[in-house]
Amino acid sequence: MRRDFCDGVGIARLLNATLVLPKFEVASYWNETSGFADVFDVDYFIQQMSGFVKVVKELPPEISSKEPVPVDCSKRKGHFDYVESVLPALLEHKYISFTPAMSQRRDRYPLYAKAALCEACYKAIRLTRSLEMKASELLQVIPKPFLSLHLRFEPDMVAYSQCAYPGISPASIKAIEEAPQGDRKPWTGELARIWRRRGKCPLTPNETALILQALSIPTNTNIYLAAGDGLMEIEGLTATYSNIFTKSSLLRNEDFTAMHGNTKAALDYYVSINSDSYIATYFGNMDKMVAAMRAFKGLHKTLFLSRKAFAELTFQGLREKELMQALWKVHRDDFAKGRGSALPECFCEFKL
């Protein structure tokens, strides 16, 4: 949502349009009802964007009763795509809604639009005061130094991935089957193997622990677990790495069962952009935003684990020492080629 909103700011500047604070539109499987103002400081955002993009909380009375005209932006990527295809609809209807394309070509934006987008991403969007105080409290009580690990092995995530995990527990299989899947059924047979070898399947906690060991990350490392509710097979990680901390274990007075998913994700985001090190097991939208913000803040101990390499190496039959050495080399090479993100010393002597 943060990524889409930053893109929305850039597009509004391209079109010289007024931006209405967005509504969060999330699929039912996330069970989410919070709004923009529940997570982000609205007044601060409007103030900071002054001179870049005009932002309003509500529509003016003359069009407030109208529904916006939806515009398909799924294939819009560059400056002229929006000016030539979207601007005419805005001029005609005065009020449109859109979801930015997943693969924006921000490098094609003129400088004034890039400036607006970067102002939004790196300066104007901040958490509400109360949420930031809660996040700061959480950060303070985590034992230092620590590594923030974004682990994605919740039932809804696995169900959405269409991946099969025959070696997991019956309880985990049942949780995945009960998670909303829509028409996204797990692949089977050869298609399942192809899907996994493409790097489409989330790493299990056990696989994650194996890769961390291959990268010589000490087993007594303090690890903050940035993860959603219902994380499965966690014993695969805690059996090797025992210093694991979560939101609920550190903030015992908080009722996390009643807390919005966006709020919990915001806490993880705040901790992750301020952690000594950050490791992502999936490279999703949060990971991309966290990595960008950490780079902006000068925090470069950031690493994306390679699901594709892990699948390929295990399909080749590598085990134990051979597998560990191969995983080390893959992540070192990914970093050298710019596909990974970490400090070079991560591949000679990892010390937090």
Worksheet entry | Taking every non-hydrogen atom, the tightest pair across S172 and I168 | CB-CD1, 3.8 Å
Item to complete: For the pair R197 (side chain) and F315 (backbone), establish whether a donor and an acceptor sit closer than 3.5 Å, ignoring hydrogens and angles.
Response: no
Discussion item. Within a 6.0 Å radius of atom NZ on K114, are there more than 12 heavy atoms belonging to other residues, nucleotides or ligands?
Written reply: yes
Practice prompt. Find the distance between CD (Q316) and CD (E312) and round it off to the nearest 0.5 Å.
Written response: 5.0 Å
Worksheet item: For S148 and S272, does a side-chain donor sit closer than 3.5 Å to a side-chain acceptor?
Response: yes
Worksheet item: So do I142 and N222 actually touch side chain to side chain, heavy atoms under 4.5 Å?
Response: no
Worksheet item: Under a 4.5 Å side-chain heavy-atom rule over Ile, Leu, Val, Met, Phe, Trp and Tyr, are L147 and L299 clustered together?
Response: no
Discussion item. Quick one about D287 and Y278 (side-chain donor to acceptor, distance below 3.5 Å, no hydrogens or angles considered), yes or no?
Written reply: yes
Worksheet entry | Hydrophobic cluster membership, I96 vs L21, 4.5 Å side-chain cutoff | no
Worksheet item: NZ of K329: more than 12 outside heavy atoms within 6.0 angstrom?
Response: no
Discussion item. For R193, is there an ion pair with E190 - N to carboxylate O distance below 4.0 angstrom?
Written reply: yes
Worksheet item: Heavy-atom distance under 4.5 Å between the side chains of L203 and F153, does that happen here?
Response: no
Item to complete: Keeping the roles fixed (side chain from Q162, backbone from K185), state whether a donor-acceptor pair exists under 3.5 Å.
Response: yes
Worksheet item: Roughly how far apart are D4 CG and F98 CZ, rounded to 0.5 Å?
Response: 10.0 Å
Worksheet item: Would you say the side-chain atoms of E233 and T204 include a donor-acceptor pair closer than 3.5 Å?
Response: no
Worksheet entry | F245-Y224 aromatic ring centre distance below 6.0 Å | no
Discussion item. Under 6.0 Å between ring centres: does that hold for F5 and F45?
Written reply: yes
Discussion item. For the backbone of L91 and the side chain of K94, can you confirm whether one donor and one acceptor N or O come within less than 3.5 Å of each other?
Written reply: yes
Fill in: Ion pair E132/K134, N-O distance below 4.0 Å
no
Worksheet item: Can you get from Y241 to L305 by hopping between Ile, Leu, Val, Met, Phe, Trp and Tyr side chains that sit under 4.5 Å apart?
Response: yes
Item to complete: Validate the cation-pi geometry between R129 and Y44: distance from NZ or CZ to the six-membered ring centre under 6.0 Å, angle to the ring axis within 45°.
Response: no
Fill in: Pairs touching residues 165-178 that satisfy salt bridge (Lys or Arg N to Asp or Glu O under 4.0 Å), sequence neighbours left out
K174-E178
Item to complete: Give the cluster check for L117 versus V290: same hydrophobic cluster or not, with ILVMFWY residues linked at side-chain heavy-atom distances below 4.5 Å.
Response: no
Worksheet entry | From I244 atom CD1 to I234 atom CD1, the distance as rounded to the nearest 0.5 Å | 6.5 Å
Fill in: NZ (K144) with more than 12 external heavy atoms under 6.0 Å
yes
Worksheet item: Can S161 and R152 be counted as having a side-chain donor-acceptor contact under 3.5 angstrom?
Response: no
Fill in: Salt-bridge contact D268-K264 (side-chain N to carboxylate O under 4.0 Å)
no
Could you give the side-chain donor-acceptor pairs of residues 46-70 under 3.5 Å, partners two or more places apart or in another chain?
unit_1 : atom_1 : unit_2 : atom_2 : d
K57    : NZ     : D43    : OD1    : 2.8
S64    : OG     : P61    : O      : 3.1

